[in-house]
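Worksheet for the structure shown next.
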Amino acid sequence: MKKQVGLMVMIILALTVVLSACGSKNDNGANNSNTGSNAGSASPETSEAPASKLKIGMVTDVGGVNDKSFNQSAWEALKKVTADTGVATKYLESKGDADMEPNLKAFVSEKYDMTWGIGFLFTDAMTKVATENPDSKFGLIDAAVELPNVESVAFAENEGSYLVGVVAGLMTKTNKIGFVGGMEIPVIKKFEAGFKAGVAAVNPDAAKAMKINYVGDFSKPDLGKQAAATMYDAGVDIIFHASGASGNGVFNEAKSRKDAGKDVWVIGVDKDQSLEFGDAITLTSMMKGVEAAVYKISTDLINGTWKGGQVVTLGLKDNGVGLPDTSTKNVPADVLAKVEEYKQKIISGEITVPTE
Amino acid sequence: MVRSTTAVELKGITKRFPGLVANDNINFELKKGEIHALLGENGAGKSTLMNILFGLYQPDEGEIWVNGNKTVIDGAGKAIELGIGMVHQHFKLVQPFTVAENIVLGNEPSKVGFLKYRKANQRVRDLSERYGLKVDPQMRIKDITVGMQQRVEILKTLYRGADILIFDEPTAVLTVQEIEELIEILRSLSAEGKSIILITHKLKEVMALADTVTVIRRGKVIRTLPTSETNERHLAELMVGRDVNFQVEKSKQEPGDVVLSVDSLQMKGEQSKNVLDGLGFEVRAGEILGIAGVDGNGQSELVYAITGMRSVNGGSIKLNGKDITNRTPREVSVAGVSHIPEDRHKHGLVLDFTLSENMILGNYFDPQFGKNGFIDFKAMDVLAQQLVTEFDVRGSGIHAKARSLSGGNQQKAIIARELWKNPDLLIAVQPTRGLDIGAIEYVHKRLVEARNQGKAILLVSFELDELYALSDRIAVMYEGRIMGEVDVDNRDDQQLGLMMAGDAAAAATAEGRK
Amino acid sequence: MNTMRKIFDKSSFLVPLVAIILGLLCGALAMYAGGYDPWLAYSSLLKKLFGSPYDIGEAIRAITPLIFTGIAVAFAFRTGLFNIGADGQFIMGMTGATIVGVTLDLPWYIHAPLAIIVGGLFGGLWAALAGYLKAARGVNEVISSIMLNWIALFLSNYIVGTYLVLEGQQKSKPLHESSLVTIKWLSESMGNARMHWGTLIALLGLIVFYVVLWRTKKGYELRAVGLNPNAALYAGMNVNRTIITSMFISGVFAGLGGVFEILGVFGYQTVMASSWGYGFDGIAVALLGGNTPIGVFLGAILFGGLSYGSAGMSFGADVPPEIVRIVIGSIIFFVASHGLVKFFLKPFMARRSGKSKSEGGGAR
């Protein structure tokens with residue numbers, strides 16, 4: 001029993017020391033909460049920058065800020081905004097659908113000058129919060145809320161998907177191409193439709209035989225891996241995924257096949273995913289300009305040119321969607337030339353890419 | 001160091017638990033090679049004392065000397081190291097393992113992590129031959145009898161090199177024959193120079209086995225004396241603290257109408273064998289019919305069949321002429337059958353209910369305990385209080401959990417509840433199992449009282465003394481059938497034993513002699 | 001009465017309290033190690049919970065479903081069943097309410113109660129299915145109800161996505177206003193927090209939980225079967241029927257949790273990629289609360305409060321979500337580990353009992 005008392009005393013002492021240390025830290029370090037929440041990258045000059053007292057917040061959907069997809073892109077844009085202008089930025093993650101509304105409200109009640117909602121799932125929550133708080137400004141990615149204090153950004157994913165479809169159609173050796181979607185919702189349907197049209201333009205047979213699988217979730221890599229395995233087993237050699245973090249499983253499966261000597265590829269989505277998963281398996285990516293859009297609209301706010309009330313659709317001509325420069329590593333120049341040719345046709349209106 | 005003739009000496013051991021002193025300044029001496037009985041009623045402090053010796057409890061005061069050296073036993077490991085072994089009342093064996101595997105468990109002969117089965121089997125065989133403990137090392141525990149399992153426990157302690165063996169109520173679970181074999185085993189162990197402590201509350205065993213007896217009562221040593229200088233009656237007095245009445249007062253009484261009649265009852269068992277095989281008998285009002293037999297010959301199934309807890313495949317059960325075959329337990333209970341079950345923890349009580357809640361266990365649906373689906377707790381408590389007072393159930397009141405009561409008081413509570421229902425038929429299975437003398441005396445008195453009031457009583461017991469003391473008639477059950485009846489006035493254990501073993505000739509002579 | 005006494009027993013209060021403190025200290029340690037300010041984080045957490053009427057309201061909103069699922073699991077536990085399927089029953093409750101809310105159009109005084117009843121029944125029957133399988137076929141309820149969770153999820157997705165779907169969306173059409181149980185005036189006075197009558201029903205549910213189990217004959221049966229099915233059989237109870245009844249009641253509670261998320265919070269049902277996990281959180285709530293009504297109430301407040309307030313830690317003290325989860329995890333870990341906390345308390349308890357020997361609470 002004496003031993004236990006000793007142990008107890010030690011633990012209490014240790015905790016007391018820790019807590020008092022915390023207390024003192026509280027006094028000198030209180031300010032670092034003003035910069036973005038990533039403590040490692042917190043740069044002291046931003047918080048103290050007198051040039052701007054603006055605050056911009058962002059709420060993720062359930063994927064979280066490390067989803068290697070649009071939530072992450074958006075947050076990187078805001079980090080860049082902080083670095084460039086000294087405006088304070090902060091994010092909150094939603095653990096479930098019910099959290100979205102209070103999270104948006106949290107920024108509103110802290111008088112943030114603008115709050116981003118990332119993803120179409122925010123449509124209802126943002127409509128409600130924006131209506132209740134007409135003086136607050138909001139930004140919405142991937143969906144449209146037509147209120148004067150909301151700036152909605154949508155992307156012509158079908159156009160970008162068309163171009164990667166051209167790449168896939170020209171480069172497939174087995175003439176079998178796969179598409180892995182997250183949930184079967186309109187925005188993902190746009191990916192599928194554009195991709196299929198792109199493939200069909202250059203390789204009608206492959207378009208007819210295209211394998212399509214919706215895994216039903218944006219945050220389940222295991223499902224993505226399973227879907228990819230089934231497709232590769234069926235002879236597919238190129239998969240385009242539009243499934244958020246579930247797509248990590250697609251890359252994972254491709255990697256293990258590549259290591260086993262199989263010639264398989266993945267086409268990434270939203271960001272240049274070759275940076276994350278390497279050039280060995282990433283053929284190219286259908287980049288969405290989430291980062292650019294968030295950056296632009298956020299800086300509009302800072303520069304006083306924020307409009308609101310509009311639904312912006314960013315397509316090829318705005319460079320809102322497209323292929324990354326790193327594509328040259330795996331995609332031959334003649335294929336890229338073909339891609340450029342189709343890009344111009346779409347911009348000029350010669351080709352209209354279907355959305356569903 | 002002087003070679004001591006004393007194996008264990010406990011000096012001034014005191015152990016307190018909240019609200020009670022379990023051991024109060026106990027002195028106890030075990031000589032080498034002797035069999036020393038520790039006699040006392042349930043709750044007298046025997047087990048506490050032995051748990052202290054085996055290192056499971058630490059004494060608050062006092063000293064422990066083993067083989068002439070003062071020691072501190074701070075765990076079972078230390079006790080084993082000192083050569084102390086304990087054979088628990090509830091065996092601690094791994095059921096699917098073989099005998100040999102169980103014995104060597106924790107100290108396996110092995111080579112680079114592989115168990116050397118042959119060596120283990122051989123060692124076990126050597127040990128069992130040396131002490132005359134017949135077991136097959138390769139049998140699985142789940143396939144051998146309780147008596148065999150006990151031998152495995154004994155071998156386990158011997159395997160670990162024990163010289164001092166503690167037996168906690170070793171006969172509680174054994175049949176008559178097995179008890180006799182155990183007595184032989186203990187004698188041969190003692191002859192081999194082992195010192196033995198025998199914890200028990202059975203006087204007969206003390207007299208038959210022990211050299212010395214120490215009687216404890218309420219945590220205090222009352223006397224230590226050689227068994228040659230005492231007798232059962234004297235020991236009982238020392239143990240209980242008053243004169244004990246062994247013989248139940250029971251006058252001859254002419255039985256009344258047939259209350260229970262069972263006819264060619266059939267019940268299928270787990271395998272194809274019938275556990276009840278065309279069994280039939282009658283019980284009349286005002287008589288006690290004892291059912292004798294070795295455990296596992298269908299007694300439990302018979303009781304389950306009558307009370308509706310298991311359905312039968314053929315035959316009939318009639319209560320007061322009305323058919324109650326395959327009725328639900330509630331219907332049977334309402335028809336006038338009370339049941340003191342064999343296992344009071346499994347069936348008789350909900351241990352985590354209060355005593356009060358347990359008192360309405362079979363009657364909670366009765367309107368007098370509440371209307372409109374609600375329970376009238378006041379009515380329940382009134383009944384509980386009344387029964388507790390009438391049947392002298394001692395504990396911490398009617399709102400204490402049934403679990404907190406001693407075995408004897410739990411049994412009293414069940415009997416109170418079952419008699420209160422004022423049944424026509426009372427089924428009592430092993431009603432005094434695990435109870436101490438005072439409680440046994442009480443239960444017996446109550447059963448005879450009920451009989452005198454004209455109730456029909458079916459008594460199933462494995463204790464021959466109990467059957468002879470209470471029954472008006474004794475029927476012997478063997479493999480799901482009634483072998484025959486024996487004469488209660490001229491007790492012949494030899495013949496009864498043969499009948500219990502299924503000897504048809506013995507049954508025939510018994511019938512003839514009646 | 002007895003249970004009341006038990007609840008207010010000294011150590012039953014002390015242990016959870018110390019557990020929460022230990023958990024907070026542990027969390028503080030984690031935050032300090034990660035370079036964050038625990039003091040600020042905890043004050044932010046409290047601020048998030050009590051800072052504004054809106055936050056209080058939303059915290060209540062987050063706690064409400066946990067009360068329901070906590071009762072559901074605790075109720076089953078009390079009767080010897082482990083209802084791990086509360087999640088599926090929750091989803092069935094949602095679906096039942098959505099079907100009634102979307103397809104029918106009735107006056108509010110019929111529509112809302114009907115939606116509630118149908119949703120509750122959906123949940124109850126879903127659970128009774130697992131109960132029936134156990135009673136009739138001896139299928140372990142843990143396995144069957146876990147599988148029924150998946151079936152419920154995909155069944156409800158199918159129903160919503162096929163029959164009730166709002167064109168081009170992954171959710172149902174909005175429910176008719178008449179079926180909703182929101183409390184407008186309260187919401188308005190609380191900064192538009194999503195307040196609904198379900199909270200009141202949840203509190204009533206706690207009372208029903210107590211009354212049914214500890215006051216009625218049915219409850220007496222249920223508890224007897226839970227504590228000792230052999231004795232229950234001996235006492236003439238129908239053990240199998242009791243198992244089904246118990247699962248049904250448990251499922252009704254879980255289902256009602258789902259009902260009020262639809263009728264009170266969302267007003268529509270989405271096609272869910274995965275369940276929201278309230279059913280599983282309910283297991284934790286029931287265990288934290290020792291399966292007593294008051295325990296479930298407090299457990300739901302702790303669990304729901306932490307989960308809602310954790311956003312405050314991210315917001316106010318910039319603690320990243322991973323570390324917030326460590327903090328919450330350690331608090332719940334300590335509260336659930338009664339044994340561990342008692343180990344910490346033992347020296348103090350023992351010393352106190354040493355002073356007053358007669359009463360003594362020493363180790364037994």
Side-chain angles (χ1 to χ4, degrees), chain B residues 16-20 22 57-58 60 303-304 307-310 327-334 337 339-354 356-358 360-367 369-377 380-381 399-403 414 417-418, chain C residues 1-6 9-11 77-80 138 207-208 210-242 245 249 290-292 346 349-350 352-364:
Chain B
R16 298 184 194 89
F17 289 125
L20 112 140
Y57 290 149
Q58 294 306 307
D60 293 332
V303 172
Y304 293 155
T307 52
M309 289 162 72
R310 250 179 92 169
R327 291 296 162 82
T328 65
R330 183 180 295 188
E331 285 167 332
V332 173
S333 163
V334 170
V337 177
H339 176 194
I340 299 165
E342 176 178 9
D343 188 333
R344 55 182 167 267
H345 290 175
K346 187 175 171 192
H347 289 121
L349 295 167
V350 178
L351 289 173
D352 289 311
F353 270 10
T354 63
S356 193
E357 283 173 312
N358 267 297
I360 59 166
L361 195 58
N363 314 306
Y364 68 98
F365 48 84
D366 194 302
F369 298 115
K371 275 175 262 182
N372 306 326
F374 284 86
I375 284 189
D376 182 348
F377 287 88
M380 177 180 92
D381 286 350
H399 291 299
K401 283 194 174 159
R403 188 182 288 286
I414 293 173
R417 178 183 73 209
E418 295 307 310
Chain C
M1 237 178 292
N2 256 340
T3 38
M4 292 299 263
R5 213 182 311 153
K6 241 177 286 155
D9 176 75
K10 192 166 47 183
S11 82
F77 262 131
R78 281 285 176 189
T79 64
I207 297 168
V208 169
Y210 172 76
V211 169
V212 166
L213 269 189
W214 281 281
R215 290 283 143 206
T216 66
K217 292 184 176 180
K218 197 78 221 168
Y220 180 89
E221 268 182 25
L222 289 165
R223 283 184 302 133
V225 168
L227 291 169
N228 186 347
N230 290 309
L233 174 71
Y234 160 86
M237 298 167 188
N238 188 332
V239 175
N240 285 342
R241 200 175 55 203
T242 307
T245 312
I249 297 174
N291 300 317
T292 60
K346 214 159 103 183
M349 300 281 240
R352 204 186 312 159
S353 75
K355 275 178 205 154
S356 50
K357 245 175 196 165
S358 59
E359 272 181 304
R364 169 113 204 214

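Please read all numbers here as calculations on a predicted model, not as lab measurements. Chain identifiers are assigned alphabetically (A, B, ...) following the order of the sequence lines, protein sequences preceding nucleic acid strands; residue numbering begins at 1 within each chain. Reckoned from all heavy atoms, side chains included, excluding hydrogens, waters and symmetry mates.
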Most heavy-atom pairs under 4.5 angstrom with chain C, which of B:Ser333, B:Pro341, B:Gly348?
B:Pro341
So how far is it from C:Leu233 CG to B:Lys346 NZ, rounded to the nearest 0.5 Å?
10.0 Å
Pick from C:Ala224, C:Pro229, C:Ala232: which one has the most heavy-atom pairs with chain B under 4.5 Å?
C:Ala224
Top residue by heavy-atom pair count (under 4.5 Å) with chain C, among B:Met309, B:Arg344, B:Glu331, B:His345?
B:Met309
What part of B:Arg417 gets within 4.5 angstrom of chain C, counting heavy atoms only: side chain, backbone, both, or neither?
side chain
Looking at chain C, which one of B:Thr307, B:Asp343, B:Leu361, B:Val350 has the largest number of heavy-atom pairs inside 4.5 Å, strictly under?
B:Leu361
C:Tyr234 and B:His347 have their tightest heavy-atom pair at CD2-O, 3.2 Å
pair C:Glu221-B:Tyr364: side-chain heavy atoms closer than 4.5 Å:
yes
What are the two closest heavy atoms between B:Pro329 and C:Gly236, and how far apart are they?
CB-CA, 3.7 Å
Tell me, do B:Phe377 and C:Arg215 make a side-chain contact under 4.5 Å, heavy atoms counted?
yes
CG-CG distance between C:Asn228 and B:Leu351, expressed to the nearest 0.5 angstrom:
7.0 Å
For B:Phe353, ring pair (Phe, Tyr, Trp, His ring centres under 6.0 Å) partners two or more places apart
C:Tyr220
Measure distances from B:Leu349 to the heavy atoms of chain C and classify the residue's part below 4.5 Å as side chain, backbone, both or neither.
backbone
Return yes if some donor-acceptor pair links the side-chain N/O of C:Lys217 with the main-chain N/O of B:Gly370 below 3.5 Å, else return no.
yes
Given heavy-atom pairs under 4.5 angstrom as the criterion, report whether the side chain, backbone, both or neither of B:Gln58 touches chain C.
neither
